[in-house]
2 protein chains.
Amino acid sequence: MSQPDTKQRILNAAEHLFSRDGYHATSLRSITTMATVNLAAVNYHFGSKEALLEAVIIRRLDPLNEIRLGQLEALLKKSEETEEVPTCRNILRTFVEPTLRLRQQGADAEDFIALIGRILAEPRGLAMTIFMAHMEPLMNRLFQALAVSLPGLSRQTLFWRVHFALGSLSHIMRYHERHAMVPEGVNIDMPVDAFVDLFLDFAVAGMEVTQ
Amino acid sequence: MSQPDTKQRILNAAEHLFSRDGYHATSLRSITTMATVNLAAVNYHFGSKEALLEAVIIRRLDPLNEIRLGQLEALLKKSEETEEVPTCRNILRTFVEPTLRLRQQGADAEDFIALIGRILAEPRGLAMTIFMAHMEPLMNRLFQALAVSLPGLSRQTLFWRVHFALGSLSHIMRYHERHAMVPEGVNIDMPVDAFVDLFLDFAVAGMEVTQ
DNA sequence: GTATGTGTTAAACGTACGTTTTAATTATGT
DNA sequence: ACATAATTAAAACGTACGTTTAACACATAC
């Protein structure tokens, strides 16, 4: 029987297992079993396990970065017209909000967000190379926009603060899974808009503070 | 010939390779080769690969947490005597400063810091279970002290802001390795004291901001 | 000197891995 | 309908893994 969506089923299963267990701890057999697909299908459709990882990343990262870059460009263009410097908060929002909103779209997207968080945690890994190649243009644009928005900061300080902020984001991208050490009275499933604001309150204050 | 420091040599090699390549991507053979030790020595001295990982973590984490907890208790005791509430900055410093200072002590400690950063990035992993068991008392104490220092924040907001701050820290613990995307004019090797202050400027502002 | 315990070594164990091969099956084009 | 290409299926490939075994070396103690 023919399954025309074999590739998508493999991608979904791989996305889930890579994000849950990591690349090296996930076997092709566990992926193909979950996808109810023959073992050889991965090498037939993708060529190798590494190429599968790259396909998993690119499938969602490129569209996400298009949204982020689109919002950033729109913000910069509007600020050109009104001749006002865009605020740090609005710049960061173009990066953060599409990221956290993606997670709301379903369990699959949630897997991907967690996977990105894991990738950022393996600086020397194969996935990091793939990831960086698809992030660099957006990152340069973001850094440049923030430099204009925060002219009082040295490049050194700005560089580290951007990493502090994105480090926070990558951490909570991973942490959102159900986990121990959640004290009572804490709701781990907040609405996206409220959570974005909660995050931006923190990050923007840290970015803008004068030492 | 007898090598009385076989265990330490294994621990050093494992620490280095686990932090560089991750637990699953590191083989016992690569560890024992680097340690110039027989393959069977790991299972003889530690019992298993998992037990080796636990030994690697505990060797440095327990002493580090003793320092952190000691500084925190000292701060709380001094504030009791002077009847002043300790500042958020000083509380966070007891956690951050020993961490970043450890990295200055040599390449081995730098490996460990990177390993902790990786562990924090694998929420479901074996290492996370080991790590959490050794972190929970300190984390509870830290959270409690911050709640006193920042009475205006809801438990919800405080919880997330602590995670934002520690997420930043865990990110830079990993990022300190030489890496691409470091723009010109940025010194990635700052003195520890300056870097601690740079981080605390950011984190404290984010913790204390009133929305 | 012999016995005992600790540590080391080389070799092999069984298992699981990513990948490849070959054949069968299904879809497509004329 | 038939020929050709694309996909799926089962099986096997060689390799690397964590672990175990059994022989060996070298202490210290009697």
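Each chain gets a letter, A, B and so on, in the order the sequences are listed, and its residues count up from 1.
Residues Arg68(A) and Asn65(A) bring a donor and an acceptor atom of their side chains to less than 3.5 Å of each other.
Separating the OG1 atom in Thr6(B) from the CG atom in Asn38(B) is a distance of 10.0 Å, to the nearest 0.5 Å.
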Using a cut-off of under 3.5 Å, enumerate the N/O to N/O pairs linking the protein to nucleotides 15-17 of chain D.
residue: dC17(D); atom: OP1; partner: Ser27(B); partner atom: OG; Å: 3.3

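Contact annotation: the side chain of Leu92(B) approaches that of Leu146(B) to within less than 4.5 Å [non-hydrogen atoms, C-beta and beyond]. Annotation: side chain of Leu115(A) is not in contact with side chain of Arg60(A) (no heavy-atom distance under 4.5 Å).
Distance NE2 (His24(B)) to C1' (dG18(C)): 17 Å, rounded to an integer number of Å. Residue Leu52(A) contributes atom CG, which lies 14 Å from atom C1' of dT19(C) at whole-angstrom precision. Distance, Leu53(A) CG to dT19(C) C1': 17 Å, rounded to whole Å. Note: CD1 (Ile31(A)) to C1' (dT19(C)) measures 14 Å, nearest angstrom.
Checked for salt-bridge contact, Glu73(B) and Arg141(B) meet the test: a charged N lies under 4.0 Å from a carboxylate O.
Listed nucleotides dT19(D), dT8(D), dA10(C) differ in distance to Asn43(B); the shortest reach to its side chain belongs to dT19(D).
For His45(B) and dT6(C), the shortest distance from a side-chain N or O to OP1 or OP2 is not below 4.0 Å. Taking only side-chain nitrogens and oxygens, Thr6(B) comes nearer than 4.0 Å to OP1 or OP2 of dT8(C).
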Review point. When you look at His171(B) and His163(A), which way does the ring pair (Phe, Tyr, Trp, His ring centres under 6.0 Å) test go after all the steps?
Key: CA-CA 8 Å; His171(B) 177 68; His163(A) 274 287; 5.5 Å; yes
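Nearer the 5' end of DNA chain D, as judged by each residue's closest nucleotide, is the contact made by Tyr44(A), out of Tyr44(A) and Leu39(A).
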